[in-house]
Amino acid sequence: MTTGQLNPSDLVGVSFWIISAAMVAATFFFWVERDRAVGKWKTSLTVAAMVTGIAAIHYFYMRDVWVTTGESPVVFRYVDWLLTVPLQIIEFYLILAAIAVVSASLFWRLLSASVIMLIAGYLGEIGSMNVWLAFIIGMLAWIYIIYEIFAGEASKISASEGTPASQKAFNALRIIVTVGWAIYPIGYVIGYVGAGSADSLNLIYNLADFVNKIAFGVVIWAAATSESK
Ligand SMILES: *C/C=C(C)/C=C/C=C(C)/C=C/C1=C(C)CCCC1(C)C
């Protein structure tokens with residue numbers, strides 16, 4: 001599978017390698033730590049492990065594409081996101097449902113918006129759609145998700161509801177969707193403005209995946225194990 005050698009001066013290639021190892025380690029960690037969590041939190045850790053596990057597999061292949069061709073592994077990247085982002089929406093829903101009664105339609109709205117965001121980004125990156133039109137559509141879908149979490153149904157959840165652990169997880173969710181997810185459109189702009197830069201694009205996407213898949217999982221883990229005393 002991995003045919004190319006890793007060039008020490010290839011910073012992007014090295015970042016693919018490091019994130020691959022981190023994704024595998026995180027998957028193992030969340031999986032094993034599941035035993036220490038109580039009740040509904042077990043499912044959250046299972047989902048966190050699924051996200052990093054799926055990403056690990058894609059990172060092995062993405063690194064190979066990068067090292068052997070020097071091109072952005074767009075297809076593997078987006079297949080990974082199309083699998084892991086819906087899983088993260090499930091994760092968000094589990095957190096919200098742990099705090100308050102949330103409708104199933106909220107789940108479907110968040111899921112649909114995330115899929116629209118990713119399809120637009122994909123069409124822009126493969127050149128099937130104007131790169132900035134795709135960006136605007138993706139941004140609108142992302143802003144809608146932020147709206148749902150800060151001003152829509154999900155935000156009606158009062159700070160007095162839920163356990164301290166679930167509130168901690170809910171705050172983490174808000175930070176992830178606004179600050180953590182913002183790294184992706186920043187990478188897209190830097191990657192495609194002017195002559196564009198595949199190096200910056202992949203470096204920033206790799207950093208973003210580390211934050212949004214591993215660091216977010218760790219926050220879930222902290223909340224999940226804080227209730228198990
Ligand atoms: C594990 C992977 C995750 C959490 C991927 C998230 C991806 C995004 C938030 C992508 C966002 C984009 C926009 C907001 C505008 C258009 C370009 C995208 C697809 C990079």
Side-chain angles (χ1 to χ4, degrees), residues 12 16 19 47 50-51 54-55 58-59 61-62 65-66 71-96 102-156 170 172-213 215-216:
V12 182
F16 273 115
I19 309 274
V47 176
M50 287 172 74
V51 166
I54 291 169
H58 288 84
Y59 264 84
Y61 285 88
M62 287 199 284
V65 170
W66 179 263
E71 281 169 18
S72 294
V74 183
V75 179
F76 285 130
R77 178 82 75 189
Y78 276 85
V79 172
D80 173 14
W81 289 356
L82 265 176
L83 295 171
T84 54
V85 171
L87 281 170
Q88 292 205 306
I89 298 287
I90 291 173
E91 191 82 304
F92 297 164
Y93 188 76
L94 290 174
I95 293 169
L96 296 172
V102 278
S103 67
S105 80
L106 173 67
F107 170 77
W108 291 110
R109 290 199 303 275
L110 292 176
L111 186 72
S112 312
S114 69
V115 170
I116 291 169
M117 175 183 82
L118 295 177
I119 290 175
Y122 179 70
L123 295 177
E125 293 207 43
I126 63 169
S128 286
M129 190 190 273
N130 176 280
V131 94
W132 301 115
L133 175 63
F135 180 75
I136 290 165
I137 296 171
M139 286 299 283
L140 290 175
W142 175 47
I143 289 165
Y144 172 74
I145 296 171
I146 294 174
Y147 161 80
E148 277 290 359
I149 288 168
F150 281 87
E153 189 184 327
S155 72
K156 307 251 154 55
F170 181 59
L173 182 164
R174 285 182 152 173
I175 294 169
I176 281 293
V177 172
T178 48
V179 183
W181 281 22
I183 307 170
Y184 296 98
I186 291 171
Y188 186 101
V189 169
I190 294 175
Y192 290 102
V193 83
S197 163
D199 276 38
S200 315
L201 181 80
N202 287 284
L203 204 56
I204 296 171
Y205 281 173
N206 291 357
L207 169 77
D209 279 349
F210 183 86
V211 170
N212 292 291
K213 294 182 166 67
F216 180 56

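In this text the structure is predicted, and so the values were computed from the model without any measurement. Computed from heavy atoms alone, side chains included, the values below leave out hydrogens, waters and symmetry copies.
Under a cut-off of 6.0 angstrom, the local environment of CZ in Phe210 is sparse, with at most 12 non-hydrogen atoms contributed by other residues, nucleotides or ligands. Tyr147 OH: 12 or fewer foreign heavy atoms inside a 6.0 Å radius. The local environment of CH2 in Trp132 is crowded, with over 12 non-hydrogen atoms from other residues, nucleotides or ligands closer than 6.0 Å.
Both tests do not hold together for Arg77 against Tyr205: distance to the six-membered ring centre under 6.0 Å, angle to the ring axis within 45°.
A donor-acceptor distance shorter than 3.5 angstrom exists from the side chain of Tyr188 to the backbone of Val131, with no hydrogens or angles considered.
Considering every non-hydrogen atom in both Ala113 and Ala141, the closest pair reads O-CB, 3.3 Å. Closest approach of Val102 to Tyr93, counting heavy atoms only: O-OH, 3.3 Å. Of all heavy-atom pairs spanning Asn202 and Ser72, the tightest one is ND2-OG, 2.9 Å. Taking both residues in full, the closest heavy atoms of Ile137 and Ala120 are given as CG2-CB, 3.8 Å, listed atom of the first, atom of the second, then distance. When all heavy atoms of Gly180 and Asn212 are compared, the pair lying nearest together is O-ND2, 3.0 Å. Nearest heavy-atom pair across Leu96 and Leu106 is CD1-CD2, 3.9 Å.
Under 3.5 Å, the side chains of Asn206 and Tyr59 contain a donor-acceptor pair of N or O atoms. For Arg109 and Ser105, the side-chain atoms include at least one donor-acceptor pair closer than 3.5 Å.
In this pair, Tyr61 and Phe76 present their aromatic rings tilted. The plane angle is within the 30 to 60° band.
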Run the side-chain contact (heavy atoms from CB on, under 4.5 Å) check on Ile190 and Leu201 step by step: do they pass? CA-CA 7 Å; Ile190 294 175; Leu201 181 80; over 6 Å; no

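Under the rule for a side chain to side chain donor-acceptor pair (under 3.5 Å), the partners of Tyr78 that lie at least two apart in sequence or sit in another chain are Glu125.
Taking the six-membered ring wherever Trp is involved, the centroid distance between the rings of Tyr184 and Trp81 falls below 6.0 Å.
Interatomic distance, Ile19 CD1 to Lys213 NZ, rounded to the nearest 0.5 Å: 10.0 Å.
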